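Note sheet for the following structure.
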Amino acid sequence: MGNSRPLIGITTRHELDTERFYLARHYAEAVEAAGGLPVHLPLVPRGGYLGEVASRLCGLLLPGSASDVDPLLYGSEPHRRLKEVHPLRDATDLLLLGEAERSALPVLAICYGMQALNVHRGGTLIQDIHSSHPDALQHEQGAPRGRRSHSLTLLPDALLARLSGGGPAIVNSHHHQALERLGENLRATAWSADGLVEAVEDERPGRWVLGVQWHPELEWESDGLSRALFGAFVRACEEYGASVGG
């Protein structure tokens, strides 16, 4: 792949009423500003197609979504406060995560993306935070979406702690679900004050996989941790491209 910028796939979202694929602009802008070459991926959950797409990528970004992961995918019945389920999004993300696992592709998973990552690894989700944890913080802050609303406790020496530079980590919050049982080879590396997991990393040496529950793409221009996060992701994608390109 030479010295070209790393090609980074970003899955789109599905608008059920209009049958449109769409995505907010911030994800691609953040990747491009960090030195990556973003490309939006349609939700076409066919293994042959996605395998060929993944073989050309240097990294995979799974963005947030207005939907919830189908609870049947992690062995649970639907909670009364389950929101929309988008089967095309679930199926496409899970197939791509399988391709990323086979090829050790760097993965950045944001909000819903982190939840899909956890389910792909065999983990489970809390289907509605305030039903299961009535004393939890407010994790659905609403507008303005970029406002940082709660702090994190970071696992020392983990990737996220290193990216924070030792400073305080305060993030935005837009989710009503959360991780419950962690999936295989994932370790929690950040928590909110109510004890909910806010970030996971792959615990295997040499694997770059980071999931975050907040939305760093909303703050990449103004927040140091957000810029550092996207910068580290794109560097990992560059290194991956150099390794597979010989």
Side-chain angles (χ1 to χ4, degrees), residues 8-31 38-54 57 59-101 107-132 138-146 172-180 183 196 200 211-218:
I8 297 172
I10 310 173
T11 51
T12 51
R13 297 172 176 171
H14 186 197
E15 188 176 69
L16 298 181
D17 291 342
T18 63
E19 291 294 354
R20 294 174 179 170
F21 295 145
Y22 73 101
L23 190 64
R25 64 185 177 90
H26 306 97
Y27 299 100
E29 289 178 346
V31 166
V39 57
H40 288 172
L41 304 179
L43 304 180
V44 180
R46 292 201 288 269
Y49 159 69
L50 293 174
E52 186 170 350
V53 168
L57 298 176
L60 175 65
L61 193 161
L62 300 180
S65 180
S67 61
D68 291 339
V69 178
D70 188 341
L72 293 179
L73 293 171
Y74 51 93
S76 294
E77 296 293 328
H79 189 278
R80 68 183 184 280
R81 292 188 178 176
L82 182 74
K83 295 185 179 180
E84 285 186 350
V85 170
H86 295 176
L88 290 180
R89 178 70 200 273
D90 286 349
T92 302
D93 279 13
L94 294 178
L95 284 168
L96 279 168
L97 283 166
E99 295 295 335
E101 177 65 18
V107 174
L108 174 59
I110 293 174
C111 201
Y112 163 98
M114 183 177 86
Q115 295 165 6
L117 168 66
N118 193 58
V119 170
H120 177 262
R121 297 287 186 92
T124 61
L125 303 179
I126 297 167
Q127 289 194 47
D128 185 70
I129 292 170
H130 288 289
S131 298
S132 302
Q138 173 58 267
H139 288 276
E140 295 181 275
Q141 72 180 46
R145 289 180 57 79
N172 57 52
S173 193
H174 301 282
H175 61 106
H176 85 107
Q177 298 196 324
L179 303 198
E180 188 178 49
L196 295 181
V200 292
V212 297
Q213 189 62 77
W214 67 98
H215 285 267
E217 81 283 355
L218 296 176

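Sequence positions, counted from 1, serve as the residue numbers for this chain. Values below: all heavy atoms of this structure, side chains included; hydrogens, waters and symmetry mates excluded. Computed from a predicted model, the values in this text were never measured in an experiment.
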Next on the checklist: For the CD1 atom of Ile10 and the CG atom of Leu61, what is their distance to the nearest 0.5 Å?
Outcome noted: 5.0 Å
Checklist outcome for this item: NE2 of His40 to CZ of Phe21, rounded to nearest 0.5 Å, is 13.0 Å
Next on the checklist: Would you compute the distance between atom CD of Glu101 and atom NE2 of His120 and round it to the nearest 0.5 angstrom?
Outcome noted: 7.0 Å
Item to check | Shortest non-hydrogen contact from Gly9 toward Leu57 | outcome: N-CD2, 3.6 Å
Item to check | Candidate pair Leu196 and Ile126, rule side chain to side chain contact (heavy atoms under 4.5 Å, CB included), full reasoning | outcome: CA-CA 10 Å; Leu196 295 181; Ile126 297 167; 3.9 Å; yes
Checklist entry - Testing Ile110, Asp93, Leu41 for side chain to side chain contact (heavy atoms under 4.5 Å, CB included) with Leu62, which one passes? => result Asp93
Next on the checklist: Can you give me the closest heavy-atom contact between Tyr22 and Ala66, atom names plus distance?
Outcome noted: OH-CB, 4.4 Å
Checklist entry - How far apart are the closest heavy atoms of Gly47 and Leu95, and which atoms are they? => result N-CD1, 4.3 Å
Next on the checklist: Within the 4.5 Å heavy-atom criterion, are Thr92 and Thr12 side-chain neighbours or not?
Outcome noted: no
Checklist entry - From Lys83 NZ over to Gln127 CD, what is the distance, rounded to the nearest 0.5 angstrom? => result 13.0 Å
Next on the checklist: A side-chain contact here means heavy atoms from C-beta on lying under 4.5 Å apart; do Ser131 and Arg80 qualify?
Outcome noted: yes
Next on the checklist: Taking the side chain as everything from C-beta on, heavy atoms only, tell me whether Arg13 gets closer than 4.5 Å to Arg89.
Outcome noted: yes
Checklist entry - Quick one: CG on Leu125 to CD on Gln177, what's the gap to the nearest 0.5 Å? => result 5.5 Å
Next on the checklist: With a 4.5 Å cut-off on side-chain heavy atoms, are Asp90 and Tyr112 touching?
Outcome noted: yes
Item to check | Value rounded to 0.5 Å, distance of CG in Leu60 from CD1 in Ile8 | outcome: 9.5 Å
Next on the checklist: Just so I know, are the side chains of Asp68 and Glu84 near enough to count as touching, which here means a heavy-atom distance under 4.5 Å?
Outcome noted: no
Next on the checklist: Any non-hydrogen side-chain atom of Thr124 less than 4.5 Å from a side-chain atom of Ser76?
Outcome noted: no
Item to check | Closest contact, heavy atoms only, Asn118 versus Gly183 | outcome: OD1-N, 2.8 Å
Item to check | Side chain to side chain, Ile129 and His176, heavy atoms closer than 4.5 Å | outcome: no
Checklist entry - Taking all non-hydrogen atoms of both residues, which atom of Pro45 and which atom of Ala91 are closest, and how far apart? => result CB-CB, 3.6 Å
Item to check | For the student: nearest non-hydrogen atoms of Gln213 and Gln115, plus distance | outcome: NE2-NE2, 3.2 Å
Checklist entry - Side chains of Glu217 and His215: donor-acceptor distance under 3.5 Å anywhere? => result yes
